[in-house]
Amino acid sequence: MKDSTPRAIRLADYRPPPYLIDRVSLRFDLRETGTRVFSFMHLRRNPASEATESLLLHGEGLDLQWLAIDGMRLDEDEYRVDDEGLHLPAPPEQFELSSEVIIAPEANTALEGLYRSGGMFCTQCEAEGFRRITWFLDRPDVMAVFDVRIEADRERYPVLLSNGNPGAAGELPDGRHFAEWHDPHPKPCYLFALVAGDLKHIEERFTTASGREVVLRIHVEPHNIDKCEHAMRSLVAAMRWDEEHYGREYDLEVFNIVAVDDFNMGAMENKGLNIFNSKYVLARPDTATDTDFQGIEGVVAHEYFHNWTGNRITCRDWFQLSLKEGLTVYRDQEFSADMGSRPLKRIEDVRLLRTHQFAEDAGPMAHPVRPQSYIEINNFYTLTVYEKGAEVVRMQARLLGPKRFRAAMDRYFERFDGQAVTTDDFVACMEAASGHDLSQFKHWYDYAGTPVLHVQDSYDARKRRYTLKIRQEVPDTPGQHHKPPFHIPFAIGLLDGEGRDIPLRYGDSDSDGGSLLLELREREEVFVFDDIEERPTPSLLRGFSAPVKIDYDWSEEQLLHLMAHDSDGFNRWDAGQTLLRQVLLRMVAQRQEGASMSVPEALVGALRTALFDEQAEQALIAEVLALPAIGYLGDFMAVVDVDGLHAAREHLKRTVAGALREDLLMRYEQLRETGEYRIDAAAIGRRRLKNTLLGWLASLEDDDAVFQLLLDQYGAQHNMTDVMAALSLIADSERPEREDILADFARRWANEPLVMDKWFSVQAMAVRPDTLAQVRTLMDHPAFALTNPNRVRALIGAFVNGNPVGFHAADGSGYAFLAEQVLALDPLNPQIAARLARALARWRRYDEQRQLHAQEALRRMISAGVSKDVYEIASRSLQEDAE
Ligand code: 0A1
Ligand code: ZN
């Protein structure tokens with residue numbers, strides 16, 4: 001093992017930094033091998049620190065050339081360098097520290113610090129990558145003003161970028177040139193960035209609300225210059241939106257975005273120089289799907305919004321990560337809701353949360369939105385910190401109401417601008433601006449686990465009284481037992497027999513004819529509603545007002561009633577999902593008992609009604625017709641039966657498609673793409689519905705007319721959304737045409753790596769007996785590379801996370817494959833290896849035989865001596881109290 005027993009870092013051990021760094025200037029001498037970094041910085045003792053021991057400046061893998069304090073070179077016995085960094089035994093109260101180090105970006109496959117991607121140099125410093133560039137106090141509460149000078153070969157690297165505003169630039173001897181950058185805003189070093197390369201850009205001018213002009217540029221490799229427009233449109237829309245909704249303006253003369261092919265995550269909000277995974281920049285209708293376009297819009301906005309929520313106001317320490325991430329996800333969700341369809345966006349976000357974050361929160365990696373300890377911070381860029389963190393902000397916005405939430409945000413920006421703060425500081429602003437007491441609410445930040453609301457109701461016809469009894473339960477999670485009750489905003493409605501909302505009042509809240517917001521605080525609470533004429537149908541947790549699970553004994557009639565009438569669009573959809581879930585789980589049970597699986601007539605009828613709903617948005621109809629995922633359904637079983645769930649889903653699809661074949665075909669025909677391609681919300685919704693119907697139809701495997709539709713839609717090559725919808729269904733089939741079509745696609749797109757990723761994924765996700773063998777073969781394809789995170793996610797990731805039937809094969813072959821790939825990846829890129837390893841975290845949910853195979857795979861990782869990234873995931877997964 002690289003680190004014999006990796007040490008845990010604890011929130012409780014936080015101490016202010018011993019020194020502060022006010023200014024730093026960096027000079028980069030970029031070379032094909034061996035890049036020199038010169039650093040000059042001003043340090044002074046932090047008045048808020050009591051530390052007296054020697055000063056540690058973080059640094060990893062730096063080849064130190066020389067070191068000087070106030071211009072005087074230090075002798076080797078005047079400092080000490082170890083794995084952590086540079087120790088200065090007794091530094092002065094304040095001093096200039098200068099140094100030269102040599103680093104090797106050309107050998108950096110971990111993609112942290114300074115590295116090469118394609119022909120360019122780029123950086124990734126969050127969370128702790130800056131220490132791989134030069135010595136520094138690499139922690140977010142040390143904020144400095146940066147000056148940067150970059151020197152490089154002019155021909156190979158004509159474009160030289162860093163944070164802030166551009167300064168001098170010019171020629172140097174030997175075909176080299178330089179550029180200088182000055183960032184006036186003090187920032188933590190995790191926001192530092194540098195790019196050097198042969199790039200082309202598109203440009204736009206943006207005038208801020210107060211009349212300042214900003215130059216916006218998106219830089220890409222020359223052959224991608226025709227794929228940047230959507231990203232630019234998204235950026236301009238995001239800038240305007242932040243002015244209109246939060247009064248936040250951009251604060252530099254330039255805003256640069258660079259797309260790079262090798263990137264561990266989605267993108268990075270470096271001040272004034274956002275660096276993006278090319279997947280979240282590049283799009284053309286023929287290369288990108290609607291989901292890709294929406295992803296770009298969301299990520300461009302997310303990174304832009306970080307300029308205020310993350311950069312101007314940053315995190316005190318990495319335990320506060322959700323301060324910037326949860327808040328910024330909330331902001332980008334709201335932005336996307338305004339750009340497209342609000343109810344649809346909510347459904348998508350909740351689906352992600354419920355299928356993936358709930359699973360994380362119920363497994364061995366469960367951690368609070370504000371974690372209490374970590375071994376490797378890179379393992380905590382999680383759905384909990386991001387998505388649950390966003391729900392925690394959303395709940396506060398809901399509790400405060402729009403006006404007071406805005407006032408609280410104004411206060412936050414005013415009070416903490418230029419500082420590194422905590423989630424407590426954020427909540428304090430919410431409290432101060434509203435007068436709400438949020439002390440109990442803060443449990444959401446401190447305790448892991450998804451609360452369950454056990455709901456019982458009763459109706460007394462004589463007293464015309466309806467009673468709701470709610471008991472909340474927060475499950476134990478690793479290291480956290482017996483949790484106190486949470487403060488939960490619980491929006492409800494009661495429907496009468498006609499499906500209308502019954503006007504409700506409770507205490508001093510009023511439903512205004514729509515929903516009523518109840519606030520749960522006790523372990524058990526009873527709500528009584530009087531003057532209710534008939535037994536109502538409850539619509540619970542409207543709009544998904546809190547990230548909780550509801551345990552209520554729904555009848556089929558109630559769900560059908562809600563599906564048809566609920567005034568809350570989200571709950572109308574959710575009622576359908578609950579009904580589908582109930583039916584599918586019953587079918588799995590029937591199959592396990594050796595009985596034949598049955599699909600209720602009423603469900604078929606309800607789906608048919610939804611299909612012809614004239615009022616609903618087409619995208620919403622598509623969502624109603626989307627079957628819950630195996631991963632989500634499995635959580636409702638004592639022992640996950642992947643094969644049973646797959647069989648039930650397929651049987652249900654076939655049965656419904658058989659019954660509704662003519663209706664589905666008719667609607668499909670009506671929705672066919674005619675004329676020009678557009679990417680507005682209506683067009684996206686139309687395509688989504690059409691392709692959902694195609695999916696139902698394709699379950700009729702022997703239906704030649706249906707298969708012809710797939711071939712026609714593929715053959716039309718109208719846009720990538722339609723092509724991929726057809727291709728993935730063809731790839732899932734046993735038809736002889738399959739191979740030709742896949743080969744055709746690969747021929748067309750051999751030179752577009754992001755499109756080839758789609759080709760890898762559909763094959764990795766195909767439910768066929770030879771899929772794993774195919775995946776292994778595809779790893780030798782010239783377009784695949786284990787060093788590129790997008791390729792790894794597209795092929796290996798798609799198999800382990802997107803193909804439950806294949807990955808959880810009873811013989812353990814999927815688990816063994818995962819262990820093998822994690823071990824191959826770990827020396828190259830521990831972050832990506834650790835992310836992949838998470839696929840095994842919930843092994844305890846499967847049968848005994850699979851459990852044995854999974855444990856073996858996890859043990860194999862640990863005993864091979866892995867990075868602390870992988871070690872943390874694998875060892876926690878095996879821990880006794882893990883689930
Ligand atoms: N702050 C970025 C996410 C990010 C985190 C870590 C990275 O490298 C290890 C890269 C990006 C965001 O939220 O977009
Ligand atoms: Zn972010």
Side-chain angles (χ1 to χ4, degrees), residues 3 5-24 39 41-60 69 79-95 97 125-145 186-192 310-311 313-325 367-381 385 415-428 442 445-446 479 868 872:
D3 316 77
T5 33
R7 192 168 54 94
I9 315 287
R10 281 169 218 295
L11 170 57
D13 294 339
Y14 174 82
R15 298 288 177 276
Y19 273 75
L20 300 175
I21 305 177
D22 300 310
R23 295 183 312 275
V24 54
S39 148
M41 56 192 180
H42 181 82
L43 290 100
R44 68 184 157 92
R45 195 175 278 288
N46 180 5
S49 164
E50 280 139 32
T52 49
E53 67 270 26
S54 73
L55 172 63
L56 165 67
L57 291 164
H58 302 112
E60 276 176 32
I69 285 185
Y79 61 87
R80 186 167 60 81
V81 174
D82 64 15
D83 284 355
E84 281 188 303
L86 169 68
H87 301 259
L88 296 171
E93 285 294 298
Q94 47 174 311
F95 60 102
L97 184 75
C125 293
E126 189 177 5
E128 297 178 335
F130 192 76
R131 62 186 66 181
R132 297 171 187 229
I133 294 176
T134 191
W135 315 106
F136 210 74
L137 284 166
D138 188 357
R139 43 187 290 169
D141 55 355
V142 171
M143 300 171 84
V145 170
K187 64 168 177 290
C189 63
Y190 82 85
L191 291 171
F192 168 80
N311 301 2
I313 304 179
T314 195
C315 303
R316 186 192 74 173
D317 54 74
W318 291 120
F319 297 100
Q320 320 297 329
L321 183 56
S322 199
L323 172 81
K324 73 176 178 83
E325 295 306 346
H367 56 277
V369 168
R370 178 167 69 180
Q372 272 132 18
S373 83
Y374 59 77
I375 290 178
E376 171 52 64
I377 184 57
N378 287 329
N379 283 332
F380 286 79
Y381 286 77
V385 166
R415 170 83 179 73
F416 295 117
D417 188 12
Q419 297 182 45
V421 304
T422 64
T423 53
D424 285 338
D425 293 323
F426 178 82
V427 177
K442 284 197 206 167
Y445 287 99
D446 290 326
K868 63 178 176 176
E872 183 170 36

Original post:
Atom CG in Leu20, atom CG in Asn46: separation rounded to 0.5 Å?
Top reply: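 Result: 4.0 Å between the selected atoms.
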Original post:
Hey, is Asp424 close enough to Arg370 for a salt bridge, meaning N to O under 4.0 Å?
Top reply: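 The answer is yes: the pair qualifies as a salt bridge.
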**OP:** Under the side-chain hydrogen bond (donor to acceptor under 3.5 Å, both in side chains) rule, collect the residues that match up with Asn378, sequence neighbours excluded.
**Re:**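 So Asn378 forms a side-chain hydrogen bond (donor to acceptor under 3.5 Å, both in side chains) with Glu112, Glu376.
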Original post:
Partners of Asp141 by side-chain hydrogen bond (donor to acceptor under 3.5 Å, both in side chains), sequence neighbours excluded?
Top reply: Tyr14, Arg139
**OP:** Assign the ring pair Phe136 / Phe130 to parallel, tilted or perpendicular, where the plane angle (0 to 90°) is split at 30° and 60°.
**Re:**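 Plane angle over 60°, so perpendicular.
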**OP:** Describe, in one word, how the ring planes of Phe319 and Tyr374 are oriented to each other, choosing from parallel (under 30°), tilted (30 to 60°) and perpendicular (over 60°).
**Re:** tilted
Subject >> Listed once per pair and sorted, the salt bridge (charged side-chain N to carboxylate O under 4.0 Å, His left out) pairs that draw on residues 6-17, sequence neighbours left out >> reply: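 Output for this query lists Arg7-Glu84.
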**OP:** Show your reasoning for whether side chain to side chain contact (heavy atoms under 4.5 Å, CB included) applies to Arg316 and Val421.
**Re:** CA-CA 5 Å; Arg316 186 192 74 173; Val421 304; 5.7 Å; no
Subject >> Option passing side-chain hydrogen bond (donor to acceptor under 3.5 Å, both in side chains) with Glu126 (candidates Tyr190, Tyr381, Trp318) >> reply: Tyr381
Original post:
Which atom names give the shortest non-hydrogen contact between Pro140 and Cys315, and what distance separates them?
Top reply: CB-O, 3.1 Å
Subject >> For Asp138 against Gly129, the heavy-atom pair lying closest together >> reply: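 Heavy-atom minimum between the residues: OD2-N, 4.0 Å.
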**OP:** Would you check if the distance from the ring center of Tyr79 to the ring center of Trp135 is below 6.0 Å?
**Re:**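 They do not qualify: ring centres at least 6.0 Å apart.
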